[in-house]
Amino acid sequence: WYQRRVRDLKEGGLLTLTGAEPCLEGTHFMIGYGLSKAAVHQLTASLAQKGGGLPEGAVVQCILPKTLDTPMNRKFMANADFTTWTPMSYISEMFTKWTEDPSSRHPNGALVKILTENSETKETVV
């Protein structure tokens, strides 16, 4: 899978993968999910290494949201505090910024924690 995607990436391009903030620690309540997201975190680190297969100047980053504000999440977690959920508009604006302005990207291989508190969202490299 990743070899096809990396092959299609152009020099100076951006590959963004989706991990998960809760999977930075143990996830006894959702082991399968934790394993799959930990694999994405590992893939990010591996691709970022010299010889990882990225074209010249390309960057791989992994976003680590806690909870994204999607219709499906609202349906199944209707009683949750939505002020702690990251709006999809924030994610799309962030991707647009990273695509249009390469200087706004985080370092190659970065795991970017995206947390929202009181409806305010921040990015932190971990």
Exercise for review: Could you pull out the closest heavy-atom pair between Gly19 and Cys62, with the gap in Å?
Suggested key: N-SG, 3.3 Å
Practice item. For residues Ala110 and Thr44, report the shortest heavy-atom separation together with the two atoms involved. Key: O-CG2, 4.1 Å
Exercise for review: Taking Lys66 for its side chain and Lys113 for its backbone only, find out whether a donor-acceptor pair lies under 3.5 Å.
Suggested key: no
Review point. So, Gln61 side chain and Leu14 main chain: donor-acceptor pair closer than 3.5 Å or not?
Key: no
Check your understanding: Hey, does the side chain of Thr99 reach the backbone of Phe95 with a donor-acceptor pair shorter than 3.5 angstrom?
Key -> yes
Study note, to complete from the structure: Heavy-atom nearest pair, Met77 first then Phe82, reads O-CE2, 3.7 Å
Check your understanding: If you measure from CG on Leu111 to CD on Gln42, what distance do you get to the nearest 0.5 Å?
Key -> 10.0 Å
**Study point:** Heavy-atom side-chain proximity of Pro22 to Lys37 below 4.5 angstrom
**Key:** no
Exercise for review: Could you tell me the separation between the CG atom of Leu43 and the CG atom of Leu17, rounded to the nearest 0.5 Å?
Suggested key: 5.5 Å
Review point. Linking I/L/V/M/F/W/Y whenever any side-chain heavy atoms sit under 4.5 Å apart, do Leu9 and Val40 land together?
Key: yes
Review point. Is the shortest heavy-atom distance from the side chain of Thr83 to the side chain of Thr116 under 4.5 Å?
Key: no
Check your understanding: If you measure only the distance, is there a donor-acceptor pair under 3.5 Å linking the side chains of Tyr90 and Glu120?
Key -> no
Exercise for review: Consider only side-chain N and O atoms of Thr96 and Glu100, and report whether a donor and an acceptor are under 3.5 Å apart.
Suggested key: no
Review point. Do other residues, nucleotides or ligands put more than 12 heavy atoms under 6.0 Å from the CG atom of Asn118?
Key: no
Exercise for review: With rounding to the nearest 0.5 Å, note down the distance linking OG in Ser46 to NE2 in His41.
Suggested key: 13.0 Å
Check your understanding: Is there a side chain to side chain contact (heavy atoms under 4.5 Å, CB included) between Leu115 and Thr121 once you walk through the steps?
Key -> CA-CA 6 Å; Leu115 291 180; Thr121 303; over 6 Å; no
Exercise for review: Would you mind reporting whether Leu68 and Ile91 have side-chain heavy atoms less than 4.5 Å apart?
Suggested key: yes
Check your understanding: Short question: side chain of Asn108, backbone of Ala48 - any donor-acceptor pair under 3.5 Å?
Key -> yes
Check your understanding: What's the spacing between Thr27 OG1 and Leu35 CG if we round to 0.5 Å?
Key -> 6.5 Å
Practice item. Decide if atom CD of Glu117 counts as having more than 12 heavy atoms of other residues, nucleotides or ligands within a radius under 6.0 Å. Key: no
**Study point:** Student check: side-chain heavy atoms of Leu15 and Val59 closer than 4.5 Å
**Key:** no
Check your understanding: Do Asp69 and Met88 touch side chain to side chain, with heavy atoms closer than 4.5 Å?
Key -> no
Exercise for review: Show the numbers, then the answer: is there a side chain to side chain contact (heavy atoms under 4.5 Å, CB included) between Trp98 and His106?
Suggested key: CA-CA 9 Å; Trp98 290 350; His106 297 285; 3.5 Å; yes
**Study point:** Check: Thr84 and Thr67 side chains under 4.5 Å, non-hydrogen atoms
**Key:** no
**Study point:** Val126 vs Leu24 side-chain heavy atoms within contact, under 4.5 Å
**Key:** yes
Check your understanding: Is there a side-chain contact between Thr16 and Ile63 (heavy atoms, below 4.5 Å)?
Key -> yes
